[in-house]
Amino acid sequence: MKLKGLAAATSILALTLTLGACGGSDSDKSTLQKAVDDGKITVGFAGEAPYSFEEGGELQGASVALAKAVFKELGVDDVEGVNTEFGSLIPGLNADRFDAISAGMSILPDRCEQASFGDPEFMYTTALMTKEGKLDGMKNMDDVKKKGVKLATMTGAIESDYAKDLGIKTQQVGTPQDGMDAVTTGRADVFALTAISLNWMEKNTEDSGVEVSDSFVQEIDGVPQVGAGATVFRTDDKELRDEWNKGLEKIVSDEKSYLDVVGDYGFTKEERPDGSITTDQLCKGELPTADS
């Protein structure tokens, strides 16, 4: 009789735990489960076109388009945005202001120590913006340093890191528009940012008065800074990140599917990741040298 009583008690405990798991409070749910149950998720974005920005009160951009497509695949139909300066995105994520970062953020070792990056979504190159006719043959940030001109970079953006590594003093700006304004008003001679962003701004600004260099991959100590951007999650949200990666793979692995989602924002097959560079490599800083 004692054994039967123990078995019965064990069965009741198991059932109680199962019911508790199914009907627990929101605080007991994973970020993914809560998003699925609520039908919505919040993402932080930085107002950098064409990655993620607001227009007419609507959240849009290539990163947002990918977020909407992947989260829909996961059963989450509504993606809401929280506009945040780029340098405050990871702190905002870790402070639970939003559930993920959808801003095409470059995968860098120091950032990987603070948060968890999904698989690459965009391959990056850099470009330079100057007043029209003032590019003066500059092709990369080494040329900026040689000419000793005033450089603006965006706070938290990878170009700020390049400038620091190259020993270039920079004027920090909060948004891409601030950088363009710095150039047009003469407060800066050059603004360095991702080529996609600068070309988008030049193309979509009437009488912009600026020009943009050809895109380039900056070298630091002989190492090409091959870059990729990704969606970012809290370190504890492994389930959400892993499921995101599965949904993302269905889009990125097929060129047509990829361009159907991001092509309207100026992205081409050249920006589609081909699997040769992984998040793990970028988090470890394991980039190929110029000779390899």
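For this chain, numbers begin at 1 and follow the sequence in order. The figures that follow rest on heavy atoms only: side chains count, while hydrogens, waters and symmetry mates do not.
Residues M138 and L128 come closest through the heavy atom pair CB-CD1, 4.0 Å. Smallest separation of non-hydrogen atoms from M180 and M129: CG-SD, 3.7 Å. Across all non-hydrogen atoms, the minimal contact from A115 to I90 is CB-CG2, 4.3 Å. Across F216 and K139, no two heavy atoms sit closer than the pair CD2-O, 3.0 Å. Nearest heavy atoms, I107 versus A230: CD1-CB, 3.8 Å.
Rounded to the nearest 0.5 Å, atoms CZ (R234) and CG (L93) are 5.0 Å apart. Atom OG of S88 sits about 8.0 Å away from atom CZ of R97, to the nearest 0.5 Å. A distance of 5.5 Å separates CD of E121 from CG of L248, quoted to the nearest 0.5 Å. Rounding to the nearest 0.5 Å places CG of D99 at 7.5 Å from NZ of K34. Taking CD of E271 as the reference point, atom OG1 of T125 lies at 6.5 Å (rounded to 0.5 Å). Taking CG of L259 as the reference point, atom CZ of R272 lies at 7.5 Å (rounded to 0.5 Å).
Applying the ring pair (Phe, Tyr, Trp, His ring centres under 6.0 Å) test to residues at least two apart or on different chains, the pairs with a partner in residues 220-258 are F71-W244, F233-W244. Every pair tested for side-chain hydrogen bond (donor to acceptor under 3.5 Å, both in side chains) that includes a residue from residues 200-211 fails, sequence neighbours excluded, so the list is empty.
Residue D110 places its CG atom among more than 12 non-hydrogen atoms of other residues, nucleotides or ligands, all under 6.0 Å distant. A 6.0 Å sphere centred on CG of D214 holds no more than 12 heavy atoms belonging to other residues, nucleotides or ligands. Environment of NZ in K40: sparse, with no more than 12 heavy atoms of neighbouring residues, nucleotides or ligands closer than 6.0 Å.
Salt-bridge formation is not detected for the pair K246/D242: no Lys NZ or Arg NE/NH1/NH2 atom is positioned less than 4.0 Å from an Asp or Glu carboxylate oxygen. Between K147 and D136 a salt bridge is recorded (basic side-chain N to carboxylate O distance below 4.0 Å). Salt bridge present: K256 and D260 bring a charged side-chain N and a carboxylate O closer than 4.0 Å. Salt-bridge formation is not detected for the pair D189/K134: no Lys NZ or Arg NE/NH1/NH2 atom is positioned less than 4.0 Å from an Asp or Glu carboxylate oxygen.
Inter-residue side-chain proximity for M154 and D178 is flagged as unmet; no heavy-atom pair is nearer than 4.5 Å. With a 4.5 Å cut-off on side-chain heavy atoms, L66 and V262 count as touching. S106 is listed as a side-chain neighbour of R111, based on a closest heavy-atom distance under 4.5 Å.
Note on L151: it does not cluster hydrophobically with V212, by side-chain heavy-atom contacts below 4.5 Å among ILVMFWY residues. Hydrophobic clustering of Ile, Leu, Val, Met, Phe, Trp and Tyr side chains at less than 4.5 Å, counting indirect connections, keeps M201 apart from I158.
With sequence neighbours left out, the ring pair (Phe, Tyr, Trp, His ring centres under 6.0 Å) criterion links Y51 to F122, Y124, F267.
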Q: Walk me through it: do F45 and N83 pass the test side chain to side chain contact (heavy atoms under 4.5 Å, CB included)?
A: CA-CA 5 Å; F45 71 101; N83 196 351; 3.6 Å; yes
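Side-chain atoms of N245 and E249 form no donor-acceptor pair, as typed in the model, at a separation below 3.5 Å.
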